[in-house]
Amino acid sequence: MADTIFSKIIDRQIAADIVYEDDLCLAFRDVNPQAPVHILLIPKKPLDMLSNAGAEDQALLGHMLLAAGKITRDLKIDGAFRLVINNGKEGGQAVFHVHMHILAGRKFRWPPG
Ligand code: AMP
């Protein structure tokens with residue numbers, strides 16, 4: 001997989017406002033926030049799209065969901081937040097390194113735009 005802006009954040013070649021890190025994943029504040037709290041949670045493993053994840057990624061993806069829960073508790077937004085994964089260009093994905101958006105601090109509408 002080609003380098004992305006997110007792999008450069010993992011390698012500390014680009015600075016980011018990191019809020020959580022463990023062996024498998026990293027979370028940092030989105031540079032262009034769409035809500036008062038907007039965190040991006042990424043796996044350290046290079047994986048371009050959720051749709052390309054395989055059975056070998058089951059534990060990693062489960063780990064990331066639990067990490068998202070921990071982050072929301074630590075930031076005290078666990079009462080109300082939204083998790084979003086954009087997949088593919090038409091799905092709104094701009095950076096091709098899998099990431100979960102964790103959004104909070106405002107009311108969210110349904111259906112999403
Ligand atoms: P997506 O459209 O789902 O691929 O989301 C990519 C997100 O990455 C967008 O919300 C961007 O604002 C965010 N982003 C791009 N570059 C950076 C960066 N250097 N640091 C933090 N967030 C970034």
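Below, all heavy atoms of this structure are taken into account, side chains as well, without hydrogens, waters or symmetry copies. Note that ligands are numbered from 1 as they come in the structure, with each ligand's atoms numbered from 1 the same way.
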Discussion item. Using a 4.0 Å heavy-atom cut-off, which part of Val84 comes near ligand 1: side chain, backbone, both, or neither?
Written reply: neither
Worksheet entry | For ligand 1, the portion of Phe6 having any non-hydrogen atom under 4.0 Å away |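 Contact part for Phe6 vs ligand 1: side chain (C-beta onward).
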Worksheet item: At what distance is the nearest protein heavy atom to atom 5 (O) of ligand 1, and which residue and atom is it?
Response: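 Closest protein heavy atom to atom 5 (O) of ligand 1: His99 NE2, 3.1 Å.
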Fill in: Nearest non-hydrogen protein atom, atom 21 (C) of ligand 1
Val31 N, 3.3 Å
I'd like to check which ligand 1 atoms, numbered from 1 as shown, lie under 4.0 Å from a non-hydrogen atom of [X].
X     : value
Arg29 : 21 (C)
Phe28 : 21 (C)
Asn86 : 1 (P), 2 (O), 3 (O)
Ala94 : 1 (P), 2 (O), 4 (O)
Asn32 : 12 (O)
Gly92 : 1 (P), 2 (O), 3 (O)

With only distance considered, is [X] within less than 3.5 Å of ligand 1 through an N or O on each side?
X     : answer
Asp30 : yes
Ile14 : no
Ile5  : no

Worksheet entry | Given Thr72, Ile77, Val19, Asp30, the one that forms side-chain contact (heavy atoms from CB on, under 4.5 Å) with Ile39 | Val19
Fill in: Polar side-chain atom of His97 near backbone of Pro43 as donor-acceptor pair, under 3.5 Å
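Indeed, once roles are kept as given, a pair shorter than 3.5 Å links the two residues.
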Worksheet item: Is Gln13 reaching over with its side chain to a backbone N or O of Lys8, donor-acceptor style, under 3.5 angstrom?
Response: no
Worksheet item: For the residue pair His101 and His99, is the inter-centroid distance of their aromatic rings smaller than 6.0 Å?
Response: yes
Worksheet item: Do Phe6 and Phe28 have ring centres separated by under 6.0 Å?
Response: yes
Fill in: Gln34 touching ligand 1 at heavy-atom level, < 4.0 angstrom
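For ligand 1, residue contact (heavy atoms, under 4.0 Å) with Gln34 is absent.
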Worksheet item: Should the heavy atoms of other residues, nucleotides or ligands under 6.0 Å from CD of Glu90 be counted, would the total exceed 12?
Response: no
Practice prompt. List for me each residue that meets side chain to side chain donor-acceptor pair (under 3.5 Å) alongside Asn52, sequence neighbours excluded, and say none if there are none.
Written response: Asp48
Worksheet item: Are a donor atom and an acceptor atom from the side chains of His63 and Asp22 found within less than 3.5 Å of each other?
Response: yes
Worksheet item: Rounded to the nearest 0.5 Å, how far apart are CG of Asp3 and CE of Met1?
Response: 8.0 Å
